[in-house]
Amino acid sequence: MHDKESPPLPPESPAASPSRRARRVMFALVLFVGASGTASAGKIVTTIGGIDADLKIAALAGLDLTQYADREVSAAQARRLYERAPAQIAAALEPYGYYEADVTGELKETPEGWNAVLDVKPGEPVVVDVLDLKLEGQARELKSVRQALRAFAPKQGQPMNHDAYERGKAAIQAALFADGFLDAKLVTRRVEVTRGTHKAAIHLAWEPGPRYRIGRTDFEGSQFNENFLLRYLPWQEGDFYTQDLLLSLQQRLTEADYFAIVDVNPDIEQAADGVVPIKVTLAPAKRSIYTGGLFVGTDTGFGVRGGLERRWVNRKGHKFKSEVILAQRLTSASTLYQIPLPGPDNRAFNFGVNYRDEDTKTTRSKTSTVAANETRQWMGFTRTLGINLQTGDFEIGDRKEVAFRGNSTMLYPQASLTRKRADDPLFVRRGYSINLLARAAAQGLLSDTNFVQLRGDIKWIRAFKPRQRLILRGTVGTSWVDQFDKLPPDLRFFAGGDRSIRGYGYQTVGPDLVVDPEKKPVVIGGKHLLTASAEYEYYFKPKWGVATFVDAGDAFSGTSYSPKIGTGLGLRWRSPVGMVRFDLGVPLREPKDGVQIHLVIGPDL
């Protein structure tokens with residue numbers, strides 16, 4: 001019997017190859033894992049418990065988890081980020097004195113992704129047991145340095161906060177430099193932490209070196225000669241260097257309004273033998289400023305104004321300013337020439353001429369005034385002493401019923417004190433202004449009557465919360481006059497208007513005179529003035545707000561004080577050209593007079 005030869009097997013297909021089958025299985029697994037990872041991708045939310053305030057902020061800032069809060073991560077990524085969290089939180093708490101933080105928690109899967117829940121037990125903090133700050137000699141006696149030493153943190157018994165330590169160390173170094181110890185060095189800087197006892201010891205020591213004095217002051221880039229600029233210096237060569245003196249010079253030069261750039265610095269590279277020169281870099285501002293535009297005010301109506309200001313007329317720093325206003329109820333033209341005398345009190349001589357034609361509901365006047373005065377800084381105020389010569393025609397009463405018509409000439413010396421403080425001149429959140437005025441005239445000395453007048457104005461602004469402001473103001477004035485009918489309108493007291501009692505028209509409150517029994521009495525103005533106002537503002541948007549107010553007061557003569565009260569609502573807009581105030585005011589005692597509209601554009605103080 002012969003065996004038949006088996007037919008040869010066909011060539012093995014790839015599916016039949018064990019190695020190829022394995023590769024297919026691996027490929028399928030990769031696709032499966034990839035698909036699973038994509039399907040389970042989501043965001044991760046981190047929740048930390050057990051700590052709060054600064055510790056919680058520090059822990060969150062030190063976590064990689066928080067960097068993926070707005071990104072989608074896979075399950076593997078979420079697990080890796082979560083596993084790193086305990087060590088990262090522990091490291092983040094060490095600068096606050098917590099060296100034994102214990103972190104537990106779990107990673108929960110949610111429909112949106114994952115929630116990393118972490119519970120932190122910070123443990124017992126390391127506290128400062130020894131605080132050794134060494135600084136010998138004259139430097140330790142200076143007020144600013146003593147304050148920096150006293151304010152150093154962390155203090156004994158407080159947790160070893162490394163951020164506070166660095167800030168305190170830098171504050172002492174800065175105080176030394178600011179008071180002239182330009183070579184001060186920190187020669188000992190050691191912090192010893194014993195974790196077993198939870199104690200820390202801080203050892204710091206400075207060598208202050210010599211206290212520098214101010215040397216030569218060099219000016220660069222100015223349009224004025226050096227002798228003129230030297231008058232602005234708040235020091236004498238050889239005085240001890242302080243940073244406050246340099247800031248004072250920078251402020252004086254900036255307020256002079258001559259320069260676009262003012263940079264005052266010690267020339268450290270040239271300092272030698274305890275003397276440091278000062279380098280002042282300046283750049284001229286634009287010499288001529290032209291202004292103009294339309295405006296509207298309830299008291300003046302619509303108008304246009306234009307002006308020219310020369311920041312400096314000559315190399316002696318003289319200034320010139322002029323302005324013309326043409327409005328419905330006011331025409332004025334004024335010029336001012338100023339001679340600055342820089343120095344510790346910032347003196348200046350001022351000479352001005354002014355023409356004013358004003359037409360209100362109660363008065364019409366055309367006056368010309370020539371004024372000369374001296375201004376200077378005095379005990380925190382700007383003091384002005386001068387003399388005014390005023391002459392012109394006036395009418396008092398409405399256009400149909402004129403109570404007084406006359407011509408007046410008054411020569412009177414005048415003294416004033418003004419003071420203004422504001423954290424932001426464009427929108428005051430904390431500030432005030434004070435204005436005090438006294439003037440007098442004697443009949444026979446180019447004056448038509450004897451008179452003495454005193455006036456005081458105060459305004460106070462405080463933002464108790466970011467969106468809210470309280471504004472209080474008050475005015476008091478009194479006069480002694482021999483012949484009241486000789487007194488021009490602008491030297492009499494009236495109330496009512498945008499900046500007085502809203503709800504009443506401009507200059508419509510004051511003593512009146514019955515000219516025609518069948519018509520309304522004519523307001524003629526008074527010898528005394530007393531007004532007050534309270535206003536509350538709420539800003540529902542950064543630039544927009546609403547206000548409510550109550551104003552009260554009266555202009556009167558003798559003792560016949562009968563306060564008028566106005567109240568209402570207003571709209572506020574912090575526009576690019578300044579604060580815009582639109583108020584609707586009503587008089588409480590004369591409701592028949594209706595609603596008064598008041599519109600004011602200008603700064604708070």
Side-chain angles (χ1 to χ4, degrees), residues 297-299 360-363 396-398 401 403-404 432-438 451-462 469-481 484-485 487 489-515 519-537 547-570 581-600 604-605:
T298 312
D299 300 341
T360 73
K361 290 182 179 180
T362 54
T363 66
I396 297 178
D398 61 32
E401 299 293 339
F404 294 106
Y432 67 89
S433 66
I434 300 173
N435 296 278
L436 305 174
L437 175 70
F451 94 102
V452 176
Q453 189 172 88
L454 303 175
R455 177 169 177 151
D457 295 271
I458 186 169
K459 191 172 185 179
W460 181 85
I461 301 175
R462 184 63 54 86
R469 292 200 307 174
L470 178 64
I471 303 174
L472 304 177
R473 58 179 169 84
T475 298
V476 59
T478 187
S479 304
W480 294 269
V481 188
F484 189 73
D485 60 340
L487 209 60
D490 58 325
L491 296 180
R492 302 184 184 197
F493 288 123
F494 295 86
D498 302 336
R499 294 176 172 86
S500 182
I501 308 172
R502 287 162 288 186
Y504 292 85
Y506 179 57
Q507 291 190 347
T508 59
V509 176
D512 51 37
L513 180 68
V514 177
V515 179
K519 296 183 179 180
K520 190 174 181 178
V522 175
V523 177
I524 62 173
K527 297 180 181 180
H528 315 297
L529 178 67
L530 182 60
T531 64
S533 172
E535 180 176 316
Y536 167 79
E537 293 180 346
T548 182
F549 57 86
V550 176
D551 305 333
D554 192 19
F556 59 102
S557 295
T559 58
S560 59
Y561 178 68
S562 178
K564 308 296 187 295
I565 301 175
T567 187
L569 301 173
R581 304 170 187 83
F582 178 82
D583 292 324
L584 298 176
V586 294
L588 292 186
R589 293 188 176 180
E590 294 87 5
K592 63 181 183 297
D593 289 350
V595 177
Q596 292 286 328
I597 298 175
H598 301 276
L599 178 63
V600 178
D604 289 315
L605 297 176

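The shown structure was predicted, so the numbers you read here are calculated from the model rather than taken from an experiment. The figures that follow rest on heavy atoms only: side chains count, while hydrogens, waters and symmetry mates do not.
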Checklist line | Enclosure of L605 CG (heavy-atom neighbours >12, cutoff 6.0 Å) | finding: yes
Next item on the list: Measure from the side-chain N and O atoms of T508 to the backbone N and O of G496, and report whether any donor-acceptor pair falls under 3.5 Å.
Entry: no
Notebook entry, point to check: T531 and D554: which non-hydrogen atoms are nearest, and at how many Å?
Noted result: CG2-N, 4.1 Å
Notebook entry, point to check: Which atom names give the shortest non-hydrogen contact between L529 and A495, and what distance separates them?
Noted result: CD1-CB, 4.1 Å
Check: Got L530 and F493 here, is their nearest side-chain heavy-atom distance under 4.5 Å?
Finding: no
Margin query: So, applying side chain to side chain contact (heavy atoms under 4.5 Å, CB included) with F494, which one of V523, V509, I524 is it?
Written below: V523
Notebook entry, point to check: Nearest heavy-atom pair of P511 and A555: which atoms, and what distance?
Noted result: CD-O, 3.1 Å
Notebook entry, point to check: When E535 is tested against each of R469, R581, R502, R473 for side chain to side chain donor-acceptor pair (under 3.5 Å), which residue passes?
Noted result: R502
Check: Which atom pair, heavy atoms only, marks the closest approach of G503 to P587?
Finding: O-CD, 3.3 Å
Margin query: How long is the straight-line distance from CH2 of W460 back to CD1 of I471, given to the nearest 0.5 Å?
Written below: 10.5 Å
Notebook entry, point to check: Are L584 and L569 close enough that some pair of their side-chain heavy atoms sits under 4.5 Å apart?
Noted result: no
Item checked: Intermediate values then yes/no, side chain to side chain contact (heavy atoms under 4.5 Å, CB included), H528 and Y561 -> CA-CA 9 Å; H528 315 297; Y561 178 68; over 6 Å; no
Note to self: Please check this pair: side chain of S533 against backbone of L472, looking for a donor-acceptor N/O pair closer than 3.5 Å.
What the structure shows: no
Notebook entry, point to check: Does the Q507 side chain pair with the main chain of T363, one donor and one acceptor, at a distance under 3.5 Å?
Noted result: no
Notebook entry, point to check: Any side-chain heavy-atom pair from I565 and V550 closer than 4.5 angstrom?
Noted result: yes
Notebook entry, point to check: side chain to side chain contact (heavy atoms under 4.5 Å, CB included) between D512 and V522: does it pass, once the steps are laid out?
Noted result: CA-CA 5 Å; D512 51 37; V522 175; 5.8 Å; no
Notebook entry, point to check: S557 and G526: which non-hydrogen atoms are nearest, and at how many Å?
Noted result: OG-CA, 3.6 Å
Next item on the list: Could you walk me through whether R492 and I396 pass the side chain to side chain contact (heavy atoms under 4.5 Å, CB included) test, one step at a time?
Entry: CA-CA 11 Å; R492 302 184 184 197; I396 297 178; 2.9 Å; yes
Notebook entry, point to check: With distance as the sole test, does K527 use its side chain to make a donor-acceptor pair with the main-chain N or O of F484 at under 3.5 Å?
Noted result: no
